Student: 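Provided herewith is a single structure, encoded as structure tokens, for subsequent inquiry.
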Protein chains: 2
Amino acid sequence: MTKNDKITEDRIFDAATDVFEEQGLSGARMQEIANRAGINKALLHYYYRSKDRLFEAVFNRLAGKMFDRFITALDNEMSLQQKLEHFYHEHITFLQKHPKLPGFVLHEINQNPERLLNAFGNEQLQRIRDNLFAQLDAEIAAGHIAPIDKPQFLANLLALSVFPFAARNMLELVLQDTDFNFDDFINQRKTLLPEFMMNAVRAK
Amino acid sequence: MTKNDKITEDRIFDAATDVFEEQGLSGARMQEIANRAGINKALLHYYYRSKDRLFEAVFNRLAGKMFDRFITALDNEMSLQQKLEHFYHEHITFLQKHPKLPGFVLHEINQNPERLLNAFGNEQLQRIRDNLFAQLDAEIAAGHIAPIDKPQFLANLLALSVFPFAARNMLELVLQDTDFNFDDFINQRKTLLPEFMMNAVRAK
DNA sequence: GTCTATAGAAGGATAGAC
DNA sequence: GTCTATCCTTCTATAGAC
């Protein structure tokens with residue numbers, strides 16, 4: 001593979017990433033991907049054979065990236081409070097760089113749940129889950145937090161960071177004519193959410 | 001309009017609702033809508049002229065329904081605690097009957113934010129928002145809850161109820177091999193979430 | 001109002017020259 | 001490796017019979 005190969009293949013991949021993220025699989029057009037990559041349609045097929053294969057490559061990359069971030073942000077030996085601070089800071093900073101990712105991944109998973117299984121091995125994912133759950137058990141046993149259903153905790157944890165990105169347009173509509181500013185709003189959440197979660201679950 | 005007209009038009013509308021909710025605008029096929037309605041493609045155009053118009057009718061109906069529910073569940077004179085209990089019970093019960101609605105509406109709004117403006121007048125929406133915000137101000141002034149940014153409160157309120165429906169497949173993957181059951185999980189949230197929110201914001 | 005048949009456009013994919 | 005030209009399928013939309 002020559003250097004030029006690599007460049008073109010990357011340009012295609014990057015353009016496809018943008019288009020698929022914006023429009024989804026069924027909404028994306030090969031012509032638009034070619035245009036944005038600055039090449040023609042035939043080359044897309046030369047490198048990726050079909051729209052489905054190109055999509056698969058992009059999806060696996062993006063979904064993998066997102067889950068890797070969950071993992072590195074959660075997999076450490078901090079106390080729950082520290083872990084929440086670390087998680088929300090890392091995770092929200094990541095989503096700020098990829099604001100369309102949540103909506104994209106959620107939509108495509110709903111279209112075809114099997115895709116997730118191909119995107120990455122789930123041993124890793126389950127290890128993280130078990131880690132977090134063990135920590136919750138320990139903190140409950142130590143009396144730091146109130147007994148709480150662990151899946152509920154996990155769902156709330158993710159909902160609070162992910163949802164605003166997927167629902168940005170809705171929020172902006174509801175809050176129009178106020179001084180709402182999405183970027184400021186998101187930055188605030190990096191510190192507000194750890195506090196919010198801790199208050200919600202702290203033992204009384 | 002004869003009785004038969006109405007029946008056919010409704011069958012089309014219902015079939016279109018199902019297909020669009022599942023596959024989105026770009027993923028839906030007129031042929032599949034016709035099949036599910038038990039009529040042929042030509043009739044779709046006879047009644048709705050084009051795919052876009054049919055979609056618009058369906059979207060406006062669904063989005064309107066969802067927002068109406070927000071509104072009736074929030075627009076009342078209860079205390080904050082009661083309001084949260086009422087809201088989550090009503091809203092989650094509604095979403096249980098329309099589990100694909102959140103993913104659908106979020107996706108289509110991201111594709112075309114203008115759609116929201118046509119779906120309903122926003123005076124109503126803003127009235128509710130202002131109501132809720134006024135109540136939050138009052139509860140803060142009365143010392144019942146800690147000072148909190150109102151848009152943050154609203155975002156958290158919605159995130160906690162809506163997100164699990166949009167992310168069901170993801171949750172089920174992460175929690176596979178546990179005794180996770182989505183329906184039970186959702187039912188629990190009707191009572192867990194009011195408590196969770198109140199703990200999170202209660203004055204200390 | 002409903003159907004069959006088909007037009008016409010759009011989009012994914014390939015052939016073949018360079 | 002990259003392009004132009006074109007094929008072929010899919011899909012929306014319409015014409016016209018009943």
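Just so we're clear, the structure is a prediction, and the values are computed from it rather than from any experiment. Chain letters run A, B, ... following the sequence lines, proteins first, then strands; residues in each count from 1.
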Student: Please identify each residue that fulfils side chain to side chain donor-acceptor pair (under 3.5 Å) with A:Arg127, with sequence neighbours left out.
Tutor: A:Asp75

Student: Measuring to OP1 and OP2 of D:dA13, would you say a side-chain N or O of B:Tyr48 lies under 4.0 angstrom away?
Tutor: no

Student: Between protein and nucleotides 3-8 of chain D, what N or O pairs are separated by less than 3.5 Å?
Tutor:
residue : atom : partner : partner atom : Å
D:dC3   : O5'  : A:Asn40 : ND2          : 3.3

Student: Can we say B:Glu22 and B:Arg36 salt-bridge, meaning some charged N sits less than 4.0 Å from an Asp/Glu carboxylate O?
Tutor: yes

Student: Where along residues 21-34 of chain A does a heavy atom fall under 4.0 Å from DNA chain D?
Tutor: none

Student: Tell me: CZ of A:Phe55 to P of C:dA13, nearest whole Å?
Tutor: 14 Å

Student: Can you tell me how far P of C:dG11 sits from CG of A:Asp52, to the nearest Å?
Tutor: 16 Å

Student: Between A:Lys150 (side chain) and A:Asp130 (backbone), is there a donor-acceptor pair under 3.5 Å?
Tutor: no

Student: Would a 4.5 Å heavy-atom cut-off, applied to side chains only, mark A:Phe55 and A:Tyr48 as touching?
Tutor: no

Student: Are B:Thr8 and C:dT2 close enough that a side-chain N or O sits under 4.0 Å from OP1 or OP2?
Tutor: yes

Student: Determine: side-chain N/O of B:His45 to OP1/OP2 of D:dT14, distance under 4.0 Å, yes or no.
Tutor: no

Student: Would you tabulate the side-chain donor-acceptor contacts of residues 152-168 of chain B under 3.5 Å, counting partners in other chains and residues two or more places apart, or write 'none'?
Tutor:
residue  : atom : partner  : partner atom : Å
B:Gln152 : OE1  : A:Arg189 : NH1          : 2.6
B:Gln152 : NE2  : A:Phe185 : O            : 2.9
B:Gln152 : NE2  : A:Gln188 : OE1          : 3.1
B:Asn156 : OD1  : A:Arg189 : NH1          : 2.9
B:Asn156 : OD1  : A:Arg189 : NH2          : 2.7
B:Asn156 : ND2  : B:Gln152 : O            : 3.3
B:Ser161 : OG   : B:His91  : ND1          : 3.2
B:Ser161 : OG   : B:Leu158 : O            : 3.2
B:Arg168 : NE   : B:Glu172 : OE2          : 3.1
B:Arg168 : NH2  : B:Glu172 : OE2          : 3.3

Student: Any chance the side chains of A:Asn118 and A:Arg115 put a donor and an acceptor closer than 3.5 Å?
Tutor: no

Student: Nearest whole angstrom, please: distance from the C1' of C:dA13 to the OH of A:Tyr47.
Tutor: 18 Å

Student: Find the distance B:Lys51:NZ to D:dT10:C1' and express it as a whole number of Å.
Tutor: 11 Å

Student: Quick one: side chain to side chain contact (heavy atoms under 4.5 Å, CB included) partners of A:Asn60, sequence neighbours excluded?
Tutor: A:Glu56, A:Ala119

Student: Using whole Å, what does the distance between atom C1' of nucleotide C:dA15 and atom CZ of A:Arg49 come to?
Tutor: 14 Å

Student: What's the verdict on side chain to side chain donor-acceptor pair (under 3.5 Å) for A:Asn76 and A:Gln82, showing C-alpha distance, side-chain angles and the deciding distance?
Tutor: CA-CA 10 Å; A:Asn76 53 60; A:Gln82 286 175 319; over 6 Å; no

Student: When the distance from CG of B:Asn35 to C1' of D:dC11 is rounded to whole Å, what number comes out?
Tutor: 13 Å

Student: What residues form a salt bridge (Lys or Arg N to Asp or Glu O under 4.0 Å) with A:Glu195, not counting sequence neighbours?
Tutor: none

